[in-house]
Amino acid sequence: MKLLVGLGNPGATYARNRHNVGFMAVDRVAERHGLPPFRKRFQGEASEGSIDGERVLILKPQTYMNESGRSVGEAARFLKIDVGDIIVVYDEIDLLPGKLKAKTGGGNAGHNGLRSISAHIGNEYHRVRIGVGHPGDKARVAGYVLDDFSKAETTAWVDPLLDAIARHAGQMVRGEQGRFLAEVARRLGDGEEGATRVAGGARRATQPSEAAHKPDASRTTKRDGDGARHPAGERAGKRSTALQKNLEAWLAKRQPAGRVGNGGESDDGGGDAGGGGD
C-alpha cells in the first residue's frame with residue numbers, strides 16, 4: 001500500500017489558502033479516481049482505494065501544519081508502510097506559481113509540515129512540490145501563504161494544474177517521478193520537443209528520466225478528450241496556449257520584480273513541470 005499525504009490546515013477558514021494546496025491536490029485525486037468519502041482516521045481525514053491498480057490511502061492530517069508528522073507517523077506505523085512508499089504533496093514558496101517539482105528526500109527548506117513529518121518517519125519519503133510563489137519579503141511569507149488563491153490564480157493555473165496532477169496520479173503514487181512530471185507537462189501543453197516551457201518564454205531541458213518516457217512524436221498516436229486520434233507531435237503543436245498566456249499575465253501583475261523562484265533549495269532531484277520557472 002502507498003500513503004499519499006496532502007498538507008494543509010483544517011477548517012473552512014484555511015480551505016482556499018495557498019498553504020492548503022496539498023489538501024486541494026489530494027482532494028482532486030480522490031474525486032477523479034472515485035475513492036470513498038474521507039472519514040476521521042489517524043488524527044486526520046483518510047480515504048482508501050485504488051489508483052490505476054495501486055492500493056492507496058490518501059491522508060489529510062487535521063493536526064495543523066506544524067504537527068503533520070503525528071498523523072503521518074501514526075498511519076505509517078499502523079499500516080506498516082515503508083517511508084519509501086509515502087508521497088507528500090505540499091506548497092513551495094521558492095518555486096514560481098504553477099511550477100511542479102518532485103524529488104525524494106532532501107532538505108525541508110523551512111517548511112514546518114515537512115519538518116514535523118521528517119521528525120516522525122525520517123526524511124526519505126517522496127515529495128511533490130507545488131509552487132505558489134514568494135511575496136518578495138521574508139516578513140510577509142506567513143501572511144502570504146495563509147491568503148486565499150485569487151480567482152485569477154485559480155483560473156490561470158491552480159485548477160488546470162490540480163486536474164493534471166489528478167489525471168496522472170497513477171505515476172505519482174508508483175514513484176515514477178520523471179514520467180509523472182512529463183505527463184503533467186504535456187497535459188498543460190508544455191511537453192513538446194522534450195522541454196518544459198517556463199513563464200518568461202525560456203525553455204529548460206527535460207530531465208533524463210522524463211525523456212526516457214517521451215514518445216516518438218513521428219510515430220505515436222493518442223486518443224484526445226474528444227475521442228479523435230492524432231499524431232503526438234501534431235497534438236502538441238495544436239494545443240491551446242491559453243493557460244500559458246493566463247499564467248504569464250498573472251505573473252506580470254503579481255510576481256515581485258527581480259524575484260526568481262527556487263531560491264531556497266538547490267538539491268531538487270527528479271525534474272520539473274508546469275507553467276512557472278526556476
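The chain is numbered in sequence order, starting from 1. Given the structure is predicted, the values throughout are model-derived calculations rather than measurements.
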Report summary line: What one should report as the nearest heavy-atom pair of Tyr144 and Pro135 is CD2-CD, 3.6 Å
Query raised in the report: Can you tell me how far CG of Asn112 sits from CG of Asn66, rounded to the nearest 0.5 angstrom?
Result: 6.0 Å
**Report entry** Check ion pair Glu54-Arg174 (N to O, under 4.0 angstrom)
**Finding:** no
Query raised in the report: Taking the six-membered ring where the residue is Trp, are the ring centres of Tyr90 and His111 under 6.0 Å apart?
Result: yes
Requested in this report: Give the C-alpha distance, both sets of side-chain angles, the deciding distance and a yes or no for salt bridge (charged side-chain N to carboxylate O under 4.0 Å, His left out) between Asp159 and Arg28.
Outcome: CA-CA 9 Å; Asp159 277 344; Arg28 198 72 59 95; 3.0 Å; yes
Query - Residue pair Ser150, Glu153: steps toward the side chain to side chain donor-acceptor pair (under 3.5 Å) verdict - result: CA-CA 5 Å; Ser150 68; Glu153 286 175 277; 3.3 Å; yes
Query raised in the report: If you take all heavy atoms of Ala75 and Leu3, which pair is closest and at what distance?
Result: CB-CD2, 4.3 Å
**Report entry** The single option from Arg70, Glu67, Gln62 passing side chain to side chain donor-acceptor pair (under 3.5 Å) against Gln43
**Finding:** Arg70
**Report entry** Verdict with reasoning, Arg18 to Asp148, per salt bridge (charged side-chain N to carboxylate O under 4.0 Å, His left out)
**Finding:** CA-CA 6 Å; Arg18 294 182 179 92; Asp148 287 358; over 6 Å; no
Query - Closest heavy-atom pair and its distance - Val173, Lys2 - result: O-NZ, 2.9 Å
Query raised in the report: Under the criterion side-chain contact (heavy atoms from CB on, under 4.5 Å), which of Val158, Ile165, Asp163 is the partner of Leu161?
Result: Ile165
Query - Of His126, Arg127, Glu124, the residue whose pairing with Thr104 passes side chain to side chain donor-acceptor pair (under 3.5 Å) - result: His126
Query raised in the report: Can you list the steps and then say if Arg55 with Glu48 is a salt bridge (charged side-chain N to carboxylate O under 4.0 Å, His left out)?
Result: CA-CA 8 Å; Arg55 198 70 183 167; Glu48 184 177 337; 3.5 Å; yes
